[in-house]
Amino acid sequence: MCSKPENFVYISHMENSNTTKPHKEYFENILKELKITPEEAIIIGDTDFDKAAEKVGIKFIHVEEVDKWKELI
């Protein structure tokens, strides 16, 4: 099952984050931590807090847009 922490490269939480969604610094920090550009990232979410990733150039796909995110997996 994919819900095990070891199945993920990075999990943000209060101990490793100095800000939260929807602040652009939250997404900038994740990009920096993963050493990737916004063009290399995609967020699949369900709220405007997730959509805020677009503030730093990360593509946002709503969870209900199944056709879009299924292309990625």
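Just so it is clear, the values below take in all heavy atoms, side chains as well, and ignore hydrogens, waters and symmetry mates.
Put simply, NZ on Lys70 and CD1 on Ile44 are 11.5 Å apart, with the number rounded to the nearest 0.5 Å. Expressed to the nearest 0.5 Å, how far OG1 of Thr20 lies from CE of Met14 amounts to 11.0 Å.
Closest non-hydrogen pair, Glu25 versus Thr19, comes out as C-CG2, 3.6 Å. Among all heavy-atom pairs drawn from Pro22 and Ala52, the shortest one is O-CB, 3.4 Å. Considering all non-hydrogen atoms of both residues, Val66 and Val63 come closest at CG2-O, 3.8 Å.
Remark: side-chain polar atoms of Asn16 are paired, donor with acceptor, to backbone N or O of Ile11 under 3.5 angstrom.
Every pair passing salt bridge (charged side-chain N to carboxylate O under 4.0 Å, His left out) that includes a residue from residues 54-66 is listed here, sequence neighbours excluded: Lys51-Glu54, Glu65-Lys68.
Residue Asp48 places its CG atom among 12 or fewer non-hydrogen atoms of other residues, nucleotides or ligands, all under 6.0 Å distant. The neighbour count for Lys24 NZ, taken as heavy atoms of other residues, nucleotides or ligands under 6.0 Å away, does not exceed 12.
Cluster partners of Ile30, by chain and number: Val9, Tyr10, Tyr26, Phe27, Leu31, Leu34, Ile36, Ile43, Val56, Ile58, Phe60. The rule joins Ile, Leu, Val, Met, Phe, Trp and Tyr whenever side-chain heavy atoms lie under 4.5 Å apart.
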